[in-house]
Amino acid sequence: MRSGPSGPPGSPEDIGALSAFGALDALGERMTLGDLEGLDRLEEFRPPGANAPGAVGERRGPVDRRSLEDALRASENRFRAAFVDAGIGMALVDRDDLIIEANPALAEMLGHTVPELMRMHIHQLMDVEERARHLYRKLVRGERDRVRLEKRLRHSQGHAVWTNITVSLIRDSTGEPLYTLAMVEDVSEARRLGDRLQYQSMHDPLTGLPNRALFFERLADACAEADQRIGLCYLDLDGFQAVNDTLGHPVGDELLVAVARRLEQRFSPRGHLVARVGGDEFAVLVPRSAGAEELTALAAEVVEILGAPYDLEERRVAATASVGVVERPVPGTSPTELVRDADATLCWAKSDGRSRWALYDPERIATQMTRQVLATTMRPALERGEFLLEYQPLVELATGRLQGVEALVRWRHPEFGRLAPDRFIQIAEETGAIVPLGHWVLEEACRQTRAWLDRFPEAQLLVSVNLAARQFRDSDMVADVAEVLGHTRLPSRLLQLELTESAVMGPAGRPVEALHALDAMGVRIAIDDFGTGYSNLAYLSRLPVHVLKLAKSFVEGFRAEPYGAEETTGDAVDEKIVTALVRLAHVLGITVTAEGVESAGQAERLRLTGCDSAQGWHFGKAVPAEEITRLLAG
C-alpha cells in the first residue's frame with residue numbers, strides 16, 4: 001500500500017501537485033469521512049495561480065465539499081472491497097496487538113468468523129518467539145516499514161496452519177505509527193510437501209528406516225558430544241545375493257523389510273538409531289554408549305534375532321547376519337573413521353565364519369592397513385627391483401648330495417624392511433600381482449640356475465619354483481615357461497614347478513591340462529604341502545606328478561630314537577602315515593621330499609622310512625645365490 005504524501009491533509013504538497021481525485025485516493029489510504037472537517041479551508045493553502053486556465057489541478061470557484069466526500073467514499077469503498085474480497089488473509093492490528101479488522105479469507109483459513117477475530121489478541125493465534133517479537137516491536141515503533149515471517153497459526157479445531165505473513169506499518173498523517181496491516185498466505189500444503197520431500201530424502205523408501213544421509217547426520221551430532229562414548233554395530237546379511245539370485249528380488253525386498261522391522265522393534269525403543277546404509281547393510285548407532293560390553297551384547301542380540309527364520313508372504317526364508325562392532329570415546333574419532341573401522345570389523349566377522357560378531361581390534365586394523373599398502377605398492381616395487389631371490393638347499397637323504405634348490409622370493413620394502421613370502425604372496429594372489437611377480441621369479445631362478453650349470457656342469461643342480469593357481473587362470477603358463485626356458489637356455493629337466501593340491505584340483509581342469517603340457521616339455525611337477533589340502537590319493541595316478549613334498553606338520557613328530565612299545569599314538573602315528581605315503585608314492589613312480597627338517601635325528605628317521613630327499617634348517621636356510629655358489633665350489 002502507498003503511504004501517501006508526508007504533509008498534513010489539505011496541504012499544498014497534497015493538493016497542489018495532484019488532481020483532486022488523485023489527492024483523495026492518496027488520502028483515502030489514511031483518512032475517514034470524519035477527516036473532512038476543515039477541508040473547506042483548502043482555499044487558503046492553494047498555491048497562487050492554481051486556478052489559472054490550464055493549470056494542473058485546475059479548480060474554479062470554492063471547494064465542492066460534496067464532491068470531496070463522494071470521492072473519498074469511493075476510495076474507501078475500493079479499499080474495503082479489495083480488503084474483503086482478497087484471496088489471501090488480511091487483518092488490521094492496533095498497537096496493542098489486537099485485531100481491529102479481518103477479512104473473510106483469514107477467518108476461513110483459521111476456522112473462525114470475522115466477528116470472532118475482531119478484538120482477538122494475536123497471541124491467541126500464534127506463539128511469538130523472541131526474534132519475531134523483536135522485529136515486530138521495531139515495526140510498531142516505526143523503525144521498520146515491513147516484516148516478513150513464516151509462522152504457525154492455530155486453527156480453531158486445534159491443528160496448525162503454516163503461513164507466510166507480511167506485516168506492513170500504516171502511519172497517520174504526521175508519520176506516526178497508527179496500526180499494522182498483516183497479509184497472510186496459507187503455505188500448509190507446500191510445507192507438508194516440503195516435509196514429505198525432506199522425509200523421503202532422509203529415509204529409505206523400501207524399509208522406512210533412516211537412510212545413509214540421515215545416519216551420517218545423526219552420527220556427526222553424536223560425535224559432537226566430546227564428553228561421551230559412542231558405539232556402532234555395522235551389519236549385513238550373509239549370502240543375501242544368493243536370495244536375490246535364487247528366489248528373486250521381490251523376495252529379497254521382503255526379507256530386507258522383515259530385517260528392518262526386527263531391528264527397529266528391538267532397538268529403537270532404547271533410543272538407538274537403526275538405519276539402512278546400503279543394499280543389505282544396516283547400522284545400529286548408540287550415541288551414548290556405556291562401554292564395549294553394551295555393544296558386544298547388542299551385537300549378540302542382532303545375530304540372534306536376525307538368525308531366526310523369516311515367514312514371508314509365499315515362503316519361509318533362512319538368513320543370518322554378521323556384525324562389526326566399534327566402541328570408543330568420542331574424542332579422537334570422527335564419523336568417517338568410525339564407519340571405516342566398523343566396516344573393516346564386519347569383514348573380519350564374515351571371514352571368521354559369518355553369523356557372528358567381531359569387535360574392533362587396533363592391531364588387526366594396523367595389519368590390514370599394512371596389507372593395503374603392500375597391495376598398492378607391489379607392482380611399482382617390482383619395476384623398481386625391490387624383490388630378490390634366496391635359495392634353500394634340497395638334499396638327497398641317502399647320499400647327502402645337494403640335489404637342487406628351492407627359489408624363495410623376498411621383498412626389500414623401503415618402509416617395512418625385509419619381508420618373507422608369507423607377508424605378501426597371498427596379497428599378490430588376491431590382487432593379480434602374482435602373475436608379473438611369478439614370471440619375474442621364474443625367469444630369475446632359471447637364469448641363476450643356468451649360471452650354476454655353466455660353472456658347475458657336473459652338479460646338475462635343479463631349481464624348484466612355486467606357482468600359484470591364479471598364474472594358470474590369468475596367463476598362459478605353458479607358453480610362459482617355454483619362453484623363459486628358451487630365453488635362459490636352461491634344460492627343462494632342471495626346472496621343477498611346485499603347486500599346492502588345491503591349485504592342481506582347481507576349476508575347469510585348466511591346471512591339469514597345463515600340467516600335462518609341461519610334463520611333455522620335460523619339466524618336473526611337484527605337489528607342495530601334500531597332506532594339507534585335498535589329500536586325494538586317487539588323482540596321483542592320473543596326473544603327471546614327479547614329486548610329493550610332505551607338509552612340515554608330518555615331520556615335526558619325528559624323533560631321533562625309535563619309539564617305545566607303549567607309544568602307539570601321536571607322533572608314532574605320524575611316522576606310520578609318512579611311511580605309508582612314501583611306499584604308495586614309490587609304487588606310483590613318485591619321489592618324496594620332506595619339508596621342515598630341523599635336526600639330524602629327523603633326517604635319519606625320514607631316511608629310514610624311504611623318503612628320498614629333504615629340506616629345512618638342518619640342511620640350510622634360504623640364502624643368497626652367492627652362498628649356494630660357495631657351497632658348490634666346495
Side-chain angles (χ1 to χ4, degrees), residues 363-394 402 404-455 461-471 474-475 477 480-481 483-484 487-488 490 494-500 503 528-529 549 552 595-596 598 615-633:
E363 293 184 2
R364 188 168 180 177
I365 201 70
T367 300
Q368 281 197 327
M369 292 178 66
T370 300
R371 285 175 58 87
Q372 180 62 34
V373 172
L374 295 180
T376 303
T377 58
M378 188 172 297
R379 291 177 187 266
L382 185 59
E383 297 173 0
R384 292 192 297 265
E386 294 179 6
F387 291 94
L388 60 91
L389 289 185
E390 291 184 338
Y391 301 89
Q392 185 172 35
L394 291 168
L402 180 63
V405 292
E406 180 179 356
L408 299 171
V409 64
R410 306 287 189 258
W411 186 354
R412 295 169 296 192
H413 197 280
E415 180 179 355
F416 303 117
R418 185 184 180 89
L419 302 179
D422 59 346
R423 293 286 303 277
F424 60 86
I425 288 298
Q426 184 179 0
I427 301 173
E429 293 189 35
E430 292 171 357
T431 62
I434 191 66
V435 173
L437 177 61
H439 190 277
W440 177 85
V441 170
L442 177 65
E443 185 166 11
E444 178 65 16
C446 290
R447 183 197 63 76
Q448 179 60 59
T449 305
R450 179 67 215 191
W452 285 323
L453 180 63
D454 290 341
R455 185 172 177 182
L461 201 67
L462 69 82
V463 64
S464 190
V465 178
N466 290 278
L467 296 182
R470 188 157 185 173
Q471 290 177 264
D474 293 356
S475 65
M477 200 65 237
D480 288 348
V481 171
E483 177 188 357
V484 169
H487 178 68
T488 60
L490 180 69
L494 297 182
L495 174 62
Q496 177 173 287
L497 300 178
E498 297 186 20
L499 298 91
T500 62
D528 195 15
D529 287 330
K549 298 190 73 174
K552 182 180 178 181
E595 297 182 284
E598 298 181 358
Q615 66 184 96
W617 287 7
H618 172 63
F619 301 105
K621 299 179 181 180
V623 294
E626 294 78 9
E627 293 294 325
I628 301 296
T629 300
R630 281 194 287 270
L631 186 62
L632 290 172

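Keep in mind that this is a model prediction, so the values were computed, not measured.
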Working to the nearest 0.5 angstrom, can you tell me the gap between Leu389 CG and Leu408 CG?
8.5 Å
Taking salt bridge (Lys or Arg N to Asp or Glu O under 4.0 Å) as the definition, give me every residue that meets it alongside Arg423, ordered by chain and number, with sequence neighbours left out.
none
Are Ser464 and Glu406 linked by a side-chain donor-acceptor pair shorter than 3.5 Å?
no
As an exercise, state the distance from CG of Leu442 to CG of Asn466, rounded to the nearest 0.5 Å.
11.5 Å
CG-CG distance between Leu402 and Leu462, expressed to the nearest 0.5 angstrom:
9.0 Å
Closest non-hydrogen atom pair between Ala445 and Ala407, with its separation
CB-CB, 3.9 Å
Using 0.5 Å steps for rounding, measure from the CG atom of Leu374 to the CD1 atom of Ile427.
4.5 Å
All salt bridge (Lys or Arg N to Asp or Glu O under 4.0 Å) counterparts of Glu595, not counting sequence neighbours
Lys549
With sequence neighbours excluded, residues passing side-chain hydrogen bond (donor to acceptor under 3.5 Å, both in side chains) with Lys621
none
Residue list, side-chain hydrogen bond (donor to acceptor under 3.5 Å, both in side chains) with Arg371, at least two apart or on another chain:
Glu430
Sorted by chain and number, sequence neighbours left out, side chain to side chain contact (heavy atoms under 4.5 Å, CB included) with Ile365 holds for Asp341, Ala344, Trp348, Tyr360, Gln368
Any side-chain heavy-atom pair of Ile628 and Leu461 under 4.5 Å:
yes
Sequence-distant partners of Phe619, ring-ring contact (aromatic ring centres under 6.0 Å, His included), two or more places apart:
none
Show the nearest heavy-atom pair for residues Pro380 and Thr376, with the distance to one decimal.
CD-O, 3.8 Å
Is Leu495 close to Val463 at the side-chain level, that is, under 4.5 Å between some pair of heavy atoms?
yes
With rounding to the nearest 0.5 angstrom, report the CZ to CZ distance, Phe424 to Arg410.
7.5 Å
Partners passing side-chain hydrogen bond (donor to acceptor under 3.5 Å, both in side chains) against Arg412 (at least two apart in sequence or in another chain)
none
Drop me the distance from Leu497's CG to Leu467's CG, to the nearest 0.5 angstrom.
4.5 Å
Tell me every residue that passes side chain to side chain contact (heavy atoms under 4.5 Å, CB included) with Glu626, counting only those two or more places apart in sequence or in another chain.
Pro624, Arg630
According to salt bridge (charged side-chain N to carboxylate O under 4.0 Å, His left out), does anything in residues 440-453 pair up with another residue at least two apart or in another chain? List the pairs.
Glu444-Arg447, Arg450-Asp454
Those residues that, when tested against His413, pass ring-ring contact (aromatic ring centres under 6.0 Å, His included) (two or more places apart)
Trp411, Phe416
Sorted by chain and number, sequence neighbours left out, side chain to side chain contact (heavy atoms under 4.5 Å, CB included) with Arg470 holds for Ile434, Arg473, Asp474
Residues two or more places apart in sequence or in another chain: which of them pass side chain to side chain contact (heavy atoms under 4.5 Å, CB included) with Gln448?
Tyr391, Ala451, Trp452, Ala625
Can you give me the closest heavy-atom contact between Gln615 and Pro393, atom names plus distance?
CB-O, 3.3 Å
Identified side-chain contact (heavy atoms from CB on, under 4.5 Å) counterpart of Val484 within the set Asp480, Val481, Thr488
Thr488
What is the minimum heavy-atom distance between Ala433 and Arg379, and which atoms define it?
N-NH2, 3.5 Å
Do Val441 and Phe387 come close enough that some side-chain heavy atom pair is under 4.5 Å?
no
